[in-house]
Amino acid sequence: MKFDTKLIHGGMSEDPTTGAVSMPIYRASTFHQKVLGGQPDWEYSRTGNPTRAAVEQLIADIEQGTAGFAFASGSAAIHTVFSLFKAGDHFVVGNDVYGGTFRLINKVLKKFGLTFTTVDMTDLKQVEAAIQDDTVAIYFETPTNPLLKISDIAAVSAIAKQHGLKTIVDNTFATPYNQNPLALGADIVVHSATKYLGGHSDLVAGFAVTNDDQLAEEIAFLQNSIGAVLGPDDSWLLQRGMKTLGARMRVHHENAAAIVNLLKHDDRVAKVYYPGDPDFDGYEIAKKQMTHFGAMISFELRDGLDPKKFVEGLKIVSLAESLGGVESLIEIPSVMTHGSIPREIRLASGIKDELIRLSVGLEDETDLIEDVQQGLNQL
Ligand SMILES: *Cc1c(COP(=O)(O)O)cnc(C)c1O
């Protein structure tokens, strides 16, 4: 089955008991057990719920994994995955991971004795040099948020395998439409399904996916033990959004290409960060491991032009955190999504105070172009 067909017919596309073509929302917390001590398919909805199972099978199918797990948020998925490990375990982590992941690592996981070394994941020598005797896994995003840096998933996974480490990739920005880390050698993929997978800015959800039976068993155990599961209503809404992922991504990509073209040729724009731009540092690796380049664009205005005035002057593109929805969203990471990262650490990883991040939505291309242009004209 091709990707778009999997989105519609993969997973558990209809209700096995009634044939309903839309999987019903099973709101039950518990299920009648016909015999005492049997092995019922369903017993309690934290452990397993049919509506959640449908969306979990769907993400497993489209990420080329064997098991998927749905959580109450991307952060909950990431936390559960880190719970596979124990005090004293060391991780090599990308130096510009999502701000919330940075906070989870530094303010929560470190309290429990996990240790971390952050590296520039685009530099394989740095990755290798950071590995210690107690290292257990490498964790990173590609493209990263907000600089859209590209790391070579196959190369990092190969280093990890040589040292007996797990590779964990946050695939939120690329989406399974554009990139499948498991097929490139990663062991676990995590997602903030709040973004492109849900796709409509109307829910918060997360996924973990693996193709390793042992890891699948351990994640299932942790999902049930920790209990940060996705409820049946949101599971339904999420699978509803995912059915159109392919159709949406194609328009996201077209609009993004048009906006990149505009920004690259406007002399009020100093720098554009987009993996699909042949002048961009990670372009060659992106071309190798992604089918398309996504619809996240970051850019900097020329010195002296006020990014605050620009983002506030837009009429169609909304000033808001988050990304991957049908509506175009713009933000300034230093004061919004990445505000929780200390300034010197932000600057060291290349995130300037003036950097602007744009999530290109599905509005008409000409309206978006006009809006960005009128925003620039106000400067
Ligand atoms: C948003 C995001 C997360 C966190 O997901 P939530 O659903 O907000 O908890 C993790 N990683 C990336 C790359 C994100 O963009």
Side-chain angles (χ1 to χ4, degrees), residues 3-4 62-63 94 96 98 120-122 140-156 169-181 183-184 189 191-192 195-197 199 245-301 317 322-331 333 350-352 355-369 371-373 376:
F3 191 86
D4 279 331
I62 64 172
E63 269 297 12
D96 60 347
Y98 172 69
D120 176 353
M121 263 309 146
T122 64
F140 62 105
E141 301 167 10
T142 178
T144 62
N145 177 12
L147 293 174
L148 304 161
K149 284 197 220 157
I150 304 293
S151 319
D152 189 327
I153 298 173
V156 173
V169 179
D170 181 334
N171 203 31
T172 300
F173 267 42
T175 84
Y177 183 79
N178 288 327
Q179 175 172 282
N180 292 124
L184 297 166
V189 168
H191 276 284
S192 171
K195 318 293 167 57
Y196 288 101
L197 293 171
L245 178 67
R248 283 186 285 112
M249 288 316 291
R250 289 190 282 279
V251 179
H252 277 301
H253 293 145
E254 268 176 39
N255 285 349
I259 291 185
V260 168
N261 187 47
L262 164 77
L263 296 174
K264 287 257 306 179
H265 295 101
D266 194 302
D267 61 9
R268 291 162 293 191
V269 177
K271 184 161 184 188
V272 179
Y273 300 79
Y274 183 65
D277 171 6
D279 298 332
F280 189 68
D281 259 352
Y283 174 71
E284 289 303 327
I285 296 169
K287 212 168 68 170
K288 187 179 73 169
Q289 68 190 15
M290 303 176 78
T291 57
H292 309 81
F293 304 102
M296 295 300 300
I297 304 166
S298 290
F299 58 100
E300 289 156 12
L301 299 175
V317 180
S322 199
L323 58 113
V326 293
E327 57 291 286
S328 294
L329 302 175
I330 200 159
E331 64 120 4
I351 306 169
K352 296 189 186 154
L355 185 79
I356 299 169
R357 187 190 79 180
L358 172 60
S359 168
V360 182
L362 305 183
E363 298 91 343
D364 187 276
E365 179 184 311
T366 50
D367 285 336
L368 288 179
I369 295 287
D371 195 29
V372 173
Q373 231 146 20
L376 289 168

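Side-chain atoms of Ser359 never come within 3.5 Å of backbone atoms of Leu323 as a donor-acceptor pair (strictly under, hydrogens ignored). Between the Asn145 side chain and the Thr172 main chain, no donor and acceptor come within less than 3.5 Å of each other. Distance alone, capped at 3.5 Å, places no donor-acceptor pair between the Ser298 side chain and the Arg357 backbone. Without hydrogens or angle criteria, Arg268 side chain to Leu376 main chain gives a donor-acceptor distance under 3.5 Å. In terms of modelled atom types and a separation under 3.5 Å, the side chain of His252 and the main chain of Val360 share a donor-acceptor contact.
Ion pairing between a basic and an acidic side chain is recognised when a charged N comes within 4.0 Å of a carboxylate O; Lys271 and Glu300 show no such pairing. Ion pairing between Asp281 and Lys149 fails under the 4.0 Å rule for side-chain N and carboxylate O.
Atom CG of Asp4 has more than 12 heavy atoms from other residues, nucleotides or ligands within 6.0 Å.
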Please assess Asp170 against Phe140 for the test side-chain contact (heavy atoms from CB on, under 4.5 Å), listing each intermediate value before the final yes or no. CA-CA 6 Å; Asp170 181 334; Phe140 62 105; over 6 Å; no
Please report the C-alpha distance between Met296 and Leu148 in whole Å, then the side-chain angles of each, then the deciding distance to 0.1 Å, and finally whether the side-chain contact (heavy atoms from CB on, under 4.5 Å) criterion is met. CA-CA 8 Å; Met296 295 300 300; Leu148 304 161; 3.8 Å; yes
Run Thr142 and Gln179 through side-chain contact (heavy atoms from CB on, under 4.5 Å) and show every step you take. CA-CA 10 Å; Thr142 178; Gln179 175 172 282; 3.8 Å; yes
Give the C-alpha distance, both sets of side-chain angles, the deciding distance and a yes or no for side-chain contact (heavy atoms from CB on, under 4.5 Å) between Glu363 and Asp371. CA-CA 11 Å; Glu363 298 91 343; Asp371 195 29; over 6 Å; no
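Using a 4.5 Å heavy-atom threshold, the side chains of Met249 and Thr175 count as touching. Residues Leu245 and Pro176 are in side-chain contact: their nearest non-hydrogen atoms beyond the backbone lie under 4.5 Å apart. Contact check for Lys287 versus Pro275: no side-chain heavy atoms found under the 4.5 Å cut-off. Put simply, the side chain of Glu327 does not reach to within 4.5 Å of the side chain of Val317, judged on heavy atoms.
Between the CG atom of Leu368 and the CG atom of Leu262 there is a distance of 10.5 Å, given to the nearest 0.5 Å. The distance from the CG atom of Asn261 to the OH atom of Tyr274 is 11.5 Å, given to the nearest 0.5 Å. The CG atom of Asp96 lies 5.5 Å from the CG atom of Leu147; values are rounded to the nearest 0.5 Å. The line from CD1 of Ile297 to CG of Leu263 is 6.0 Å long, rounded to the nearest 0.5 Å. Here Glu141 contributes atom CD and Ser192 contributes atom OG; the two are 10.0 Å apart, rounded to the nearest 0.5 Å. Note that CG of Asp152 is 10.5 Å distant from OG1 of Thr122, once rounded to the nearest 0.5 Å.
The shortest heavy-atom contact between Pro146 and Ile351 is CD-CD1, 3.6 Å. Nearest heavy-atom pair across Leu355 and Pro333 is O-CD, 3.1 Å. Taking both residues in full, the closest heavy atoms of Arg248 and Gly199 are given as NH1-CA, 3.3 Å, listed atom of the first, atom of the second, then distance. Here the closest heavy-atom approach between residue Gln289 and residue Ile150 is recorded as NE2-CG2, 3.8 Å. Closest heavy-atom contact between Val372 and Ile259: CG2-CD1, 4.5 Å.
No close placement of the His191 and Tyr196 rings is indicated, their centers lying 6.0 Å or farther apart.
Checking Glu63 against Asn171 by side-chain atom types alone, a donor-acceptor pair falls below 3.5 Å.
Tyr98 carries Lys195 over the face of its six-membered ring, with the cationic atom under 6.0 Å from the centre and within 45° of the normal.
The ring pair (Phe, Tyr, Trp, His ring centres under 6.0 Å) pairs that include a residue from residues 278-298 are Tyr177-His292, His253-His292, Tyr283-Phe293, where partners are two or more places apart or lie in different chains.
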